[in-house]
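Everything below concerns the one structure shown next.
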Number of protein chains: 2
Amino acid sequence: MTSPAVQNYLKAIYTLQENQASVTTSALAASLGVSAASATNMMKKLARAKLARRAPYRGVQLTPRGEKMALEVIRHHRLVELFLTRALAIPWESVHAEAEKIEHVISEDLEDRIAAFLGNPTRDPHGDPIPTKDGRVERLALVSLLELSPGQSATVRRVSDHNPAHLRLLTRLGLTLDARVTVLRREPTGGPLRVRVANTERALDEKLAREIWVAPTPPRPTRRANKNKV
Amino acid sequence: MTSPAVQNYLKAIYTLQENQASVTTSALAASLGVSAASATNMMKKLARAKLARRAPYRGVQLTPRGEKMALEVIRHHRLVELFLTRALAIPWESVHAEAEKIEHVISEDLEDRIAAFLGNPTRDPHGDPIPTKDGRVERLALVSLLELSPGQSATVRRVSDHNPAHLRLLTRLGLTLDARVTVLRREPTGGPLRVRVANTERALDEKLAREIWVAPTPPRPTRRANKNKV
DNA sequence: TTAAAAATTTAGCCGTGACTAAATTTAGTT
DNA sequence: AACTAAATTTAGTCACGGCTAAATTTTTAA
């Protein structure tokens, strides 16, 4: 049995690894809200257990075994999130915190039943991919809404699940999964991004826009061009 | 926040108090599968926290506050059990173990939503009463099947949830909640109890019969007597 | 190149909730 | 009443996963 603490460290390392190859002590400590000393201790413990490789002062990387375990926890987390929204209509800004606790206590059998009930889903309520039981994850090829140029359209595919207030705001703005969005223009520097959603113009804080991941609509002949052709 | 360990002790003391007024160290230790020394330590801790009253060598009793907390945990447990059977069709012999873990990690808000989803139920899948949010429990006036005399009929209202194998057996025998059962005869001493369920005669181990709680059918004129009257 | 700053590790401590072994109290004989 | 057995408590230990403060290493800047 792996303790909740170990599971949380593995999960955090896995997530941080998506950006940097090696995860530093301070990044890990910050992400979990613990002291650097605590992070060092656990990194050593994970290395001893062959769940991570570690070089002193150089950070950690998950071994294949560690990654597998991280993915199991993440699978639990995301299945639970989706289950709570589907079975109890819990809003997407609340499921994360609940799943954070439940993920550590459900049995493999319960996981299987939840997955079956949900029809073996591939995405959680925030658009994050749900790893399969054998540890495969669909890598999403998305871009941040912030990276789109004025005039580009896109479909919302994933949003960060960490800030409930942001999620509530997104709901209010209509920026939920599969929503179509068009970038209008970018205010000077660090200013808000102006977008159109459901025929309404909205201003998005840069911080918020960064947390929205979209699939850009492939450029294609405009309606006007089509009309002319016909 | 109360730790899972404390919650489990409170729950155990509450349950044991249904039989004896004061709960002994060894009863508590046995019920939780810990050493007597561990039980003593926790009993002291509960007394310090004013959740229980304790007299050395004399056992513990919950204070009103301790009882309230125990009932909250029990409410969580039973709501989760029922939710798992209703939402995921998990068999009654499996829900106990899952609920044992989940009960410690669900928020008040999630509890409320589960209760609402289930229509504020009063019984869990094993027939145990679900305490209300303000800590009221319906006391069940039931008798063990073992206490019925030959010829008596009754309705199954509650079964012990602790032994999955027993629960599977009860399912196979048709001894589920609300089943009608008639006692035929008792074998000499400690022998099996012979009963009729759904027109089939069954032999029940004494240990098993003791775990089945029933509401006896009030004695009333027999069908023959009625016929004669008419 | 070297000094200062930042990051990391080490050392040592703490609370929790287990444990065993030994001491003590209570209960049950005879 | 006194002795034995059973129950309980005390004493001391352990693993876990936090913490702070101090020491060390790495990085950055002068």
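So you know, we letter chains A, B, ... as the sequences are listed, proteins then strands, and number each from 1.
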Exercise. In Å and rounded to the nearest 0.5 Å, what is the CG to CD1 distance from B:L148 to B:I212?
Worked result: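 So the CG of B:L148 and the CD1 of B:I212 are separated by 11.0 Å.
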Exercise. With a 4.0 Å cut-off on heavy atoms, is A:A36 in touch with a base, just the backbone sugar-phosphate, or nothing at all?
Worked result: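 Base contact - A:A36 has a heavy atom under 4.0 Å of at least one base atom.
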For this session: Name the residue closer to the 5' end of DNA chain D, choosing between B:A37 and A:K45 according to the nucleotide with the nearest heavy atom.
Result: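 Upstream on the strand: B:A37.
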Problem set entry | Position toward the 5' end of DNA chain D (nearest nucleotide), B:M43 or A:V34 | B:M43
Problem set entry | Where B:A203 and B:R194 come nearest, the two heavy atoms and their spacing | CB-NH1, 3.7 Å
Closest to the [X] side chain, choosing from [options]:
X     : options                : value
A:R54 : C:dT20, C:dG17, C:dT9  : C:dT9
B:A5  : C:dA18, C:dT10, D:dT9  : C:dA18
A:M42 : D:dG17, D:dT27, D:dT10 : D:dG17
B:Y57 : D:dC19, C:dT10, D:dT8  : D:dT8

Pair [X], [Y]: side-chain N/O donor-acceptor within cut-off below 3.5 Å:
X      : Y      : value
A:H77  : A:H96  : yes
A:W92  : A:T171 : yes
A:S107 : A:D109 : no

Exercise. Can you tell me if NZ on A:K68 sees more than 12 non-hydrogen neighbours from other groups inside 6.0 Å?
Worked result: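 No, the 6.0 Å shell around NZ holds no more than 12 heavy atoms from other groups.
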Exercise. Does the pair A:H104 and A:H76 meet the rule for a ring-ring contact (aromatic ring centres under 6.0 Å, His included), with working shown?
Worked result: CA-CA 8 Å; A:H104 304 297; A:H76 281 197; 9.0 Å; no
Problem set entry | Partner of B:I74 under side chain to side chain contact (heavy atoms under 4.5 Å, CB included), chosen from B:M69, B:K11, B:E103, B:Q7 |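 So the option named by the test is B:K11.
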Between [X] and [N], does any side-chain N or O lie under 4.0 Å from OP1 or OP2?
X     : N      : result
A:S3  : D:dG17 : yes
A:R58 : C:dT9  : no
B:S38 : C:dA18 : no

For this session: Could you note down all residue pairs passing side-chain hydrogen bond (donor to acceptor under 3.5 Å, both in side chains) where residues 18-30 of chain A supplies at least one of them, sequence neighbours left out?
Result: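 Pairs touching residues 18-30 of chain A that pass the test: none.
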For this session: Name every residue in residues 100-108 of chain A that has at least one heavy atom under 4.0 Å from any atom of DNA chain C, in order of residue number, or write none if there are no such residues.
Result: none
Seminar exercise, completed: Here the residues of residues 16-33 of chain B within 4.0 Å heavy-atom distance, strictly under, of DNA chain C are B:G33
For this session: May I have the distance from A:N41 (atom CG) to C:dG12 (atom P), rounded to whole angstrom?
Result: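 To the nearest whole Å, that distance equals 14 Å.
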